[in-house]
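One structure below.
No hydrogens, no waters, no symmetry mates; every other heavy atom, side chains included, goes into these values. Throughout, a chain's letter reflects where its sequence line sits, starting with A, and its residues are numbered from 1.
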2 protein chains.
Amino acid sequence: MIKVSIIGSGNVAQHLISTFQNLENSSNEIELFQAFARKKESLIHLLPENKIVTNYNALGEADLYIIAVSDDAIATVSDALPFKNRLVVHTSGSMPFSILNNNNRKGVFYPLQTFTKGKAVDFTGIPICLESENGTDYKVLEKVVRAISNKVFAINSEQRKALHVAAVFVNNFTNHLFAVGNEICTENKIPFDILKPLMEETFRKLETLSPKEAQTGPAIRNDQKTIAAHEAFLKDKKQLNLYKTLTQSIQDNGKKL
Amino acid sequence: MIKVSIIGSGNVAQHLISTFQNLENSSNEIELFQAFARKKESLIHLLPENKIVTNYNALGEADLYIIAVSDDAIATVSDALPFKNRLVVHTSGSMPFSILNNNNRKGVFYPLQTFTKGKAVDFTGIPICLESENGTDYKVLEKVVRAISNKVFAINSEQRKALHVAAVFVNNFTNHLFAVGNEICTENKIPFDILKPLMEETFRKLETLSPKEAQTGPAIRNDQKTIAAHEAFLKDKKQLNLYKTLTQSIQDNGKKL
């Protein structure tokens, strides 16, 4: 039995806690041992009260401690742990494991997904990126992760940094383009829902094509007439600036600048 | 029985032809009457030879002619039609119906989707935007469209222009961000597939949230430390320029500039 303790009460922590807690009914190999939160109330809806600790000294001996807190708090939390030589990992995409205190064995457990408060998450299809200082710890991490996800990847700190930037492009920035699309629809009294099948197909196409092969539209066709008409249509400076920058970028694609 | 003839042999034309052709087996109300292509061979795999015409004078009397050709060719094709006072529509998102020749009654039949050559299309969920000069023609158009799609929208030329620009943002530009994500992965020996669940969830979130509510990431949090780390990481000028522009745009969102 591998004992896992989770430290944190935010979005990612709560999704992990409820996933590991639900796992107990089906798995004899992994146990959610304890969860740490500053206030018991923030976790009481997720697991039995006796598993929640609010004092670092009350953390018992587990095989794996997952620190799931904001990037800024990771170092402080790891410094506060009152034990030595145990396996401690964080869940951040942008922090190297060297940010963790040297008292313990370090690793990373980075779930590559965007979590929405209150929306249930099925970890099965979520890629989890793992890194550890040594092979034995990696095996423990891998065993824990395989109990909740079928997508496990060994990703080192440099790759994780790249992945985090790439995730900003495909998630944060894409979502912002959806927001601009929504804005243009609202301004012209068009229901945003009309665009959703197109948005879904944009993603679906990548089942068979690379994004570069899937590129369509006036920019890649160098259709100056349509581009000029679109630019004339856009009165909002922010929208126009995005339009120009992205059109240029599509036309430059493949060239290293 | 409503007779529909389709003019064109490109991507959209072929998808429409095969959809209407397959419909005949199930519908007694709509008939694919003829299809026009410059070369018979380009359509012969889609419908019986006797339905294909290669000369405008061979186009018989139909209730609806759908011109599905590139934007630049619409005017020329509509000028070449040797008949008068029939219902003729085009399928373009960016052209007003006034581009069609005055000899015939004008309209637009704009399927809001991205079509991939060789990939079958189910029109059922594809929004079709309709416009016509008069109400009687609109009813004919609507009846034809309802046979292939359950998403019919009355969209005027000004709205369609807006929709076409919005579609560029949510499809072309989004796809380009996917291409950049792919590029960053390749440069760092990370499989692009690792990002796909995140890309899918970016779209899924919008089932319950508006894109503005769904926005996450360093830009909206104004997390200057992470932004600086990402900017330092990006060595490619094109990637860096996109990163800066989109981050700024997210931070400006809601403000009219």
Side-chain angles (χ1 to χ4, degrees), chain A residues 94 112-114 116 125-127 153 159 161-163 165-182 184-185 188 190 194-195 197-203 205-206 210-212 214-217 219 226 229-230 233-234 237-238 242 245-246 249-250 252-253 256-257, chain B residues 94 112-114 116 125-127 153 159 161-163 165-182 184-185 188 190 194-195 197-203 205-206 210-212 214-217 219 226 229-230 233-234 236-238 242 245-246 249-250 252-253 257:
Chain A
S94 52
L112 186 58
Q113 188 50 285
T114 169
T116 309
I126 296 181
F153 294 86
Q159 287 175 313
K161 217 189 273 180
L163 207 43
V165 178
V168 167
F169 275 90
V170 305
N171 169 253
N172 302 162
F173 291 168
T174 292
N175 182 74
H176 181 58
L177 296 181
F178 292 164
V180 174
N182 191 1
I184 294 172
C185 284
N188 291 277
I190 302 163
I194 201 173
L195 286 173
L198 177 64
M199 289 154 62
E200 180 161 19
E201 182 64 13
T202 308
F203 168 72
K205 268 196 172 181
L206 304 185
S210 77
K212 211 170 166 181
Q215 190 67 56
T216 57
T226 302
H230 286 175
F233 179 85
L234 291 167
K237 273 188 193 161
K238 183 195 68 194
L242 279 179
T245 305
L246 282 151
S249 185
I250 289 171
D252 290 339
N253 206 12
K256 282 278 164 196
L257 297 183
Chain B
S94 51
L112 186 59
Q113 188 50 283
T114 169
T116 309
I126 296 181
F153 295 86
Q159 287 176 313
K161 216 189 274 180
L163 207 43
V165 178
V168 167
F169 275 91
V170 305
N171 169 254
N172 301 163
F173 291 169
T174 292
N175 182 74
H176 180 59
L177 296 181
F178 292 163
V180 174
N182 192 0
I184 295 173
C185 283
N188 291 277
I190 302 163
I194 200 173
L195 286 173
L198 177 64
M199 289 154 63
E200 180 162 19
E201 182 65 13
T202 307
F203 168 73
K205 267 195 173 182
L206 304 185
S210 76
K212 211 171 167 181
Q215 190 66 56
T216 57
T226 302
H230 286 175
F233 178 84
L234 292 166
D236 180 286
K237 273 189 193 160
K238 183 195 70 195
L242 279 180
T245 305
L246 282 151
S249 184
I250 289 171
D252 289 339
N253 205 13
L257 297 183

- Query: Contact part of B/Ala229 toward chain A, heavy-atom cut-off under 4.5 Å: side chain, backbone, both or neither?
  - Reply: neither

- Query: In terms of heavy-atom proximity below 4.5 Å to chain A, should B/Phe153 be classed as side chain, backbone, both, or neither?
  - Reply: side chain

- A/Thr226 versus chain B, heavy atoms under 4.5 Å apart: side chain, backbone, both or neither? side chain

- Partner chain A: residue of B/Gly125, B/Ala214, B/Cys185, B/Ser210 with the largest heavy-atom pair count (under 4.5 Å): B/Ala214

- Message: With a 4.5 angstrom heavy-atom cut-off, is it the side chain or the backbone of A/Phe178 that approaches chain B, or both, or neither?
- Response: both

- Message: Distance check, rounded to the nearest 0.5 Å: B/Leu234 atom CG versus B/His230 atom NE2?
- Response: 8.0 Å

- Note on the structure: If one checks every heavy atom of A/Val165 against chain B at 4.5 Å, the contacting part turns out to be both

- Can you tell which part of B/Thr114 gets under 4.5 Å to a heavy atom of chain A, answering side chain, backbone, both or neither? both

- Return the option, out of A/Ile250, A/Ile184, A/Leu112, with the maximum number of heavy-atom pairs under 4.5 Å with chain B. A/Ile250

- Item | Structural part of B/Asn182 lying under 4.5 Å from a heavy atom of chain A | side chain

- Determine the option with the most heavy-atom pairs under 4.5 angstrom with chain A, choosing from B/Leu198, B/Leu177, B/Ile126, B/Ile190. B/Leu198

- Taking everything shown except A/Lys161 itself, do over 12 heavy atoms lie less than 6.0 Å from its NZ? no

- Message: Do B/Asp252 and A/Lys237 make a side-chain contact, defined as non-hydrogen atoms from C-beta onward lying under 4.5 Å apart?
- Response: no

- CD of B/Gln159 to CD1 of A/Ile194, rounded to nearest 0.5 Å, is 8.5 Å

- Message: Donor-acceptor check, side chain of A/Asn171 to backbone of A/Ala167, threshold 3.5 angstrom: yes or no?
- Response: no

- Please look at B/Val170 and chain A and tell me whether the side chain, the backbone, both or neither of the residue comes under 4.5 angstrom of a heavy atom of that chain. both

- Task: Pick one of side chain, backbone, both or neither for B/Phe173, based on which atoms fall under 4.5 Å of a heavy atom in chain A.
- Result: both

- Message: Which atoms of B/Ala219 are under 4.5 Å from chain A, going by heavy atoms: the side chain, the backbone, both sets, or neither?
- Response: neither

- Task: For each of B/Pro127, B/Ser94, B/Gly181, tally heavy-atom pairs with chain A at distances under 4.5 Å, and name the one with the top tally.
- Result: B/Pro127

- Rounded distance [0.5 Å steps], CG in B/Leu163 versus CG in A/Asn188: 9.0 Å

- Query: For the atom pair OG1 (A/Thr202) and CD (B/Gln113), what is the distance rounded to the nearest 0.5 Å?
  - Reply: 7.0 Å

- Interchain contact, B/Leu206 with chain A, by part (heavy-atom threshold 4.5 Å): both

- Message: With rounding to the nearest 0.5 angstrom, report the NE2 to OG1 distance, B/His176 to A/Thr174.
- Response: 11.0 Å

- Item | From A/Leu246 atom CG to B/Asn172 atom CG, the distance as rounded to the nearest 0.5 Å | 10.0 Å

